[in-house]
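Reading through the structure tokens given below for one structure.
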Amino acid sequence: MSGNLIIRGRCFAWGQRTYLMGVLNVTPDSFSDGGDFNSTSAALMQGQAMVAAGADIIDVGGQSTRPGAEQITLAEELERVIPIVQTLRSKITVPISVDTTRADVAKAAIKAGADIVNDISGGTFDAEMLPTVASLNVPIVLMHIRGTPQTMQQMTEYEDLLGEMKAFLTKQITAATKAGIDLEKIIIDPGIGFAKNHEQNLQLLRNLRSLTSLNCPILVGVSRKSFIGRILNQPNPKARVWGTAAACCAAIANGADILRIHDVKEMREVSLVADTLFR
């Protein structure tokens, strides 16, 4: 992917290097760090630490999307996310992304200082999401998923995984542009771990470059995920840093533009070496 995107005065020059999106889960129940950063002070410290370690974007999420996660109310999600976005915005200068499937949360977060909407449903859970993002004139990440976090692990049967994923993303890119979102502001995500089993996650990573035909920057989230745990026989997500490093290196080699990661310092070193090798 080539081309540029300006976000909060920063130029994201696709193809020049890998950009890092630091995960900031302000939830009590996320799979690898639930409860670690769900106070404003803890979230601020973590956000600042990730920026210092080299994060290009901080991604704030108040609704866990781990397999089986229960949907919280709109009021709960707003209560978790908005104060953290406001506090971060007053202290950091890098772009902030809001990880949500709700248009009302996206709108409130952008008003509070966020710059990007990261929607794991690709704009399919809330009919107002794409028109709202268009009206806000901000970038959006469209991810591939089937079902919901409650049901996705039972929806891994595909006749043609790569073809069906590309068809979904193509459809949502078209829907987004029809809603008024500039194509240059659309980022795509294959949704590693979302309605994909172990072998399918590996297949996606090996064939990531097939998504470059969609002409959108590619975001990949492999950090600490269960397919890495299975390979390593490591049940503790926080102990999967080296496995995450290998998966991130593979993602870069196969065309990723952005990595969504927990361990920023380590993955910055991985990306610096991988960029030197592969770009």
Can I get a per-line list of side-chain donor-acceptor pairs under 3.5 Å for residues 111-122, giving both atom names and the distance, sequence neighbours left out?
from: D115; atom 1: OD1; to: R8; atom 2: NE; distance (Å): 2.7
from: D115; atom 1: OD1; to: R8; atom 2: NH2; distance (Å): 2.9
from: D115; atom 1: OD2; to: R8; atom 2: NE; distance (Å): 3.2
from: D115; atom 1: OD2; to: R89; atom 2: NH1; distance (Å): 2.9
from: D115; atom 1: OD2; to: I96; atom 2: N; distance (Å): 2.8
from: N118; atom 1: ND2; to: D59; atom 2: OD2; distance (Å): 3.2
from: D119; atom 1: OD1; to: S121; atom 2: N; distance (Å): 2.8
from: D119; atom 1: OD1; to: S121; atom 2: OG; distance (Å): 2.8
from: D119; atom 1: OD2; to: S121; atom 2: OG; distance (Å): 3.4
from: D119; atom 1: OD2; to: G123; atom 2: N; distance (Å): 3.0
from: S121; atom 1: OG; to: G123; atom 2: N; distance (Å): 3.4
from: S121; atom 1: OG; to: T124; atom 2: N; distance (Å): 3.1
from: S121; atom 1: OG; to: F125; atom 2: N; distance (Å): 3.1

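Inter-residue side-chain proximity for L74 and V105 is flagged as met; some heavy-atom pair is nearer than 4.5 Å. Within the 4.5 Å cutoff, the side chain of P217 has no heavy atoms near those of the F12 side chain. Residues V23 and I261 are not in side-chain contact: their nearest non-hydrogen atoms beyond the backbone lie 4.5 Å or more apart. Side-chain contact between L88 and L44 is present, with heavy atoms from C-beta onward closer than 4.5 Å.
To the nearest 0.5 Å, the span separating CD on E199 from CG on L161 amounts to 11.5 Å. Atoms CD and CD, on E77 and E79 in that order, are 12.0 Å from each other to the nearest 0.5 Å.
The two atoms that bring V60 and V26 nearest to each other are CG1-CG2, 4.0 Å, heavy atoms only.
Q63 and T101 share no side-chain donor-acceptor pair at under 3.5 Å. In the model, D275 has a side-chain atom that pairs as donor or acceptor with a side-chain atom of T18 under 3.5 Å. Side-chain contact check for K196 and H144: at least one donor-acceptor pair (N or O, by modelled atom type) lies under 3.5 Å. R146 and T151 share no donor-acceptor pair across their side chains, judged by distance under 3.5 Å alone. A side-chain donor from one of S213 and K166 sits under 3.5 Å from a side-chain acceptor of the other.
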Original post:
Yes or no on side-chain contact (heavy atoms from CB on, under 4.5 Å) for S97 and I58, after CA distance, side-chain angles and deciding distance?
Top reply: CA-CA 6 Å; S97 166; I58 301 298; over 6 Å; no
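Of the possible donor and acceptor atoms, one in the side chain of Q200 sits under 3.5 Å from a partner among the backbone N and O of N197. Side-chain atoms of E269 do not come within 3.5 Å of backbone N or O of E266 as any donor-acceptor pair. Looking only at distances, no side-chain donor or acceptor of S226 sits under 3.5 Å from a matching main-chain atom of G229.
Checking R268, R10, R17 one by one against D56, the salt bridge (Lys or Arg N to Asp or Glu O under 4.0 Å) holds for a single residue, R17.
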